[in-house]
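Following: one structure in structure tokens, then a few remarks.
So that the names make sense, note that chain A is the first sequence line, chain B the second, and so on, each numbered from 1.
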There are 2 protein chains.
Amino acid sequence: MERTFRNSNFEGAYFKCEVGSGKSEKVSDFRLPISDFRLPISDFQTMPRTKQFNEEEVLRKAMELFWKQGYHATSIQNLVDQLGINRASLYDTFGGKDALFEKAFEKYVRDYSAQVIAQLSRHESVRRALEAFFLSEARAAARDKDHKGCFVVNTTTEFVPNSEEWAQRITRQRKAMEHLFLQYLQRAVEQGEIPPGKDLPALAAYLFTFYNGLKVVSKANDSEEELCRVVQVALSVLD
Amino acid sequence: MERTFRNSNFEGAYFKCEVGSGKSEKVSDFRLPISDFRLPISDFQTMPRTKQFNEEEVLRKAMELFWKQGYHATSIQNLVDQLGINRASLYDTFGGKDALFEKAFEKYVRDYSAQVIAQLSRHESVRRALEAFFLSEARAAARDKDHKGCFVVNTTTEFVPNSEEWAQRITRQRKAMEHLFLQYLQRAVEQGEIPPGKDLPALAAYLFTFYNGLKVVSKANDSEEELCRVVQVALSVLD
DNA sequence: GTGATATTGGAATGAATATTCCAAATAAAA
DNA sequence: TTTTATTTGGAATATTCATTCCAATATCAC
């Protein structure tokens with residue numbers, strides 16, 4: 001507790017820009033002090049040793065490991081080995097296994113949401129955008145030699161129904177993604193790509209359901225061709 | 001090892017008919033000895049104490065627990081508490097955690113396959129049969145207060161890609177279910193329900209993929225109505 | 001009832017688990 | 001260089017894990 005917060009006075013006091021592999025070797029570390037910053041409590045006069053690793057990069061590694069193995073099958077030792085940082089650093093920086101998993105999950109959602117939106121907004125035609133999105137997901141899944149699937153989907157099956165907290169988190173994710181699909185479908189109707197009068201919320205929920213299925217099945221089927229044909233069938237509901 | 005097989009000479013020698021809760025209280029136990037049965041090796045003269053629990057019933061409980069919680073989140077202590085049998089009995093009867101999980105998985109596949117086939121063969125019309133099947137799955141999922149989903153789907157996300165052995169098992173399951181769907185689709189073409197010339201294997205793979213998605217999504221969405229509408233959208237590819 | 005033997009409950013074991021702790025090393029500023 | 005606060009490596013801790021063991025119990029054949 002005590003050690004965890006010993007630095008809390010200085011949160012946000014510096015813009016850090018760190019570069020390096022983070023594998024406990026020296027890294028560059030530029031700090032741009034905010035000139036008019038006043039120390040609120042402490043009376044110290046020197047700055048201590050800085051972190052030897054890039055926090056974002058380490059978090060990315062943790063994300064990949066939890067993504068691939070899930071929460072229960074990933075041990076702290078596992079993380080220490082893979083992340084290349086010390087046990088104590090892990091606890092000091094991220095708080096513990098639960099907190100680290102949450103941060104990894106949030107990073108995935110953050111990164112992945114941006115990617116989905118970017119992918120979908122590449123085409124004017126909604127039909128083409130959805131096709132491009134699902135085909136790219138199918139291809140990426142088939143090519144991922146780790147067969148990680150989707151972090152959110154994996155977490156759904158691992159934590160629901162055994163954690164009410166995670167069930168709510170997952171539900172929020174579902175609604176966000178269904179809402180995103182819905183917006184595109186509404187635009188499709190406006191653009192005359194989809195005949196009006198269709199049950200768009202059900203269609204959006206369907207797209208989300210199919211997405212989940214694709215992410216599960218692609219873990220155990222790496223045939224790019226088969227997955228792409230399935231996508232084409234799935235999207236034929238839009239015709 | 002030694003204790004595990006001490007009774008192996010008598011496997012199948014009796015038709016057992018046991019009744020009882022199995023919660024370490026006395027149960028009725030009727031044994032109908034097979035009259036012409038000859039002891040192959042042993043020279044014993046008395047029969048030992050019989051099992052105090054119904055093996056099939058205990059296996060069913062183990063299946064439900066693994067189904068709900070997964071492999072890693074279920075401890076032996078957990079099983080001992082839930083199954084109502086002794087630690088030693090568990091190891092003697094089922095071999096260990098891994099072996100018990102496998103047996104539970106196989107029981108699920110056995111029971112569930114029979115149920116799927118029964119469900120599908122209720123209607124002459126393939127379209128109606130598929131609709132009845134998916135709607136019944138949606139309704140059952142929404143009504144399952146444990147939100148267990150599908151044991152096979154859960155196992156897919158938990159063990160793939162971290163176990164090659166399970167990946168193969170899961171792949172076999174996928175192919176079996178796709179094959180089942182394909183047979184029905186072929187019959188649908190013969191019966192004139194589906195226009196000829198469609199890519200039936202892709203359609204079968206699509207149905208399987210959607211099934212997986214439904215089983216994931218229904219864990220965190222218990223709205224029967226929403227799930228059923230999604231099913232209707234999904235099956236519109238057949239029109 | 002008696003003898004033989006498997007089951008049973010619970011303790012014992014040893015490995016793995018998450019987390020905490022501390023001395024030594026180190027970076028930044030004076 | 002000295003001072004200071006932090007990171008770091010690895011040991012220490014306490015819990016939980018899967019599994020084994022054994023004495024006591026209970027059942028079946030006689």
Side-chain angles (χ1 to χ4, degrees), chain A residues 1-10 14 16 18 22-31 33 39 42-53 55 58 71-81 83-101, chain B residues 1-11 13-14 16 18 22-31 33 39 42-53 55 58 71-81 83-101:
Chain A
M1 255 322 228
E2 207 178 24
R3 294 183 71 198
T4 305
F5 296 111
R6 64 197 154 188
N7 214 5
S8 56
N9 289 334
F10 313 105
Y14 287 84
K16 296 203 285 179
E18 298 179 15
K23 181 93 181 179
S24 60
E25 64 201 26
K26 255 193 191 173
V27 295
S28 316
D29 183 14
F30 307 101
R31 287 170 161 249
L39 301 176
S42 174
D43 55 340
F44 80 105
Q45 273 131 23
T46 67
M47 277 305 287
R49 181 179 179 182
T50 53
K51 275 203 167 63
Q52 298 296 291
F53 57 87
E55 196 170 319
V58 167
Y71 174 86
H72 289 99
T74 304
S75 67
I76 291 285
Q77 189 56 50
N78 228 316
L79 288 159
V80 167
D81 296 342
L83 271 49
I85 65 168
N86 187 265
R87 212 176 222 72
S89 305
L90 192 158
Y91 278 89
D92 265 10
T93 309
F94 302 104
K97 192 185 176 185
D98 288 26
L100 179 54
F101 185 85
Chain B
M1 260 320 229
E2 205 177 26
R3 294 184 71 198
T4 304
F5 296 112
R6 64 197 156 188
N7 214 4
S8 57
N9 288 334
F10 314 106
E11 257 172 33
Y14 285 84
K16 296 203 285 180
E18 298 179 16
K23 182 90 181 179
S24 62
E25 64 201 26
K26 253 192 192 174
V27 295
S28 317
D29 184 13
F30 307 102
R31 287 171 161 251
L39 300 177
S42 175
D43 54 340
F44 79 105
Q45 272 132 24
T46 68
M47 277 304 289
R49 180 179 178 182
T50 54
K51 275 204 168 62
Q52 298 296 290
F53 58 89
E55 195 171 319
V58 167
Y71 175 85
H72 289 100
T74 304
S75 67
I76 291 285
Q77 189 55 51
N78 228 316
L79 287 160
V80 168
D81 296 343
L83 270 50
I85 65 167
N86 186 264
R87 214 176 219 72
S89 304
L90 192 158
Y91 278 89
D92 266 11
T93 309
F94 301 106
K97 192 185 177 185
D98 288 26
L100 179 55
F101 185 85

- [ ] Can you sort out the partners of Tyr71(A) under ring-ring contact (aromatic ring centres under 6.0 Å, His included), two or more places apart, ordered by chain and number?
- [x] Phe101(A), Phe159(A)
TODO: Mind calculating the distance between CG (Leu90(B)) and C1' (dC21(D)) to the nearest angstrom?
DONE: 16 Å
Task: Ser89(B) side-chain N/O to dT7(C) phosphate OP1/OP2 under 4.0 Å - done: no
Name the pairs: protein N/O against N/O of nucleotides 17-19 of chain D, kept only if under 3.5 Å.
from: dA18(D); atom 1: OP1; to: Lys97(B); atom 2: NZ; distance (Å): 2.8
from: dA18(D); atom 1: OP2; to: Ile76(B); atom 2: N; distance (Å): 2.7
from: dT19(D); atom 1: OP2; to: Tyr91(B); atom 2: OH; distance (Å): 3.0
from: dT19(D); atom 1: OP2; to: Lys97(B); atom 2: N; distance (Å): 3.1
from: dT19(D); atom 1: O5'; to: Tyr91(B); atom 2: OH; distance (Å): 3.3
from: dT19(D); atom 1: O4; to: Arg87(B); atom 2: NE; distance (Å): 2.7

What are the atom names and distances for every N/O pair under 3.5 Å that joins the protein to nucleotides 13-15 of chain D?
none

Open item on the list: Just the rounded figure in Å: distance from P of dA16(C) to CG of Leu79(A).
Closed with: 17 Å
Task: Where Ser89(B) and Phe53(B) come nearest, the two heavy atoms and their spacing - done: CB-CE2, 3.9 Å
Task: Protein-nucleotide distance (Ile85(B), atom CD1; dT7(C), atom P), rounded to Å - done: 11 Å
Task: Qualifying residues under side-chain contact (heavy atoms from CB on, under 4.5 Å), relative to Thr74(B), sequence neighbours excluded - done: Leu65(B), Phe66(B), Gln69(B), Asn78(B), Leu79(B)
TODO: Give, for atom CD1 of Ile85(B) and atom CG of Asp92(B), the distance between the pair rounded to the nearest 0.5 Å.
DONE: 9.5 Å
Task: Leu100(A) side, atom CG; Leu83(A) side, atom CG - distance, nearest 0.5 Å - done: 7.0 Å
Open item on the list: Could you report the tightest heavy-atom contact between His72(A) and Lys97(A), atom names first, then the distance?
Closed with: O-NZ, 4.2 Å
Open item on the list: Whole angstroms only, please: what is the CG-C1' distance between Asn86(B) and dC22(D)?
Closed with: 12 Å
- [ ] Provide, to the nearest angstrom, the distance between the CZ atom belonging to Phe53(A) and the P atom belonging to dA27(C).
- [x] 15 Å
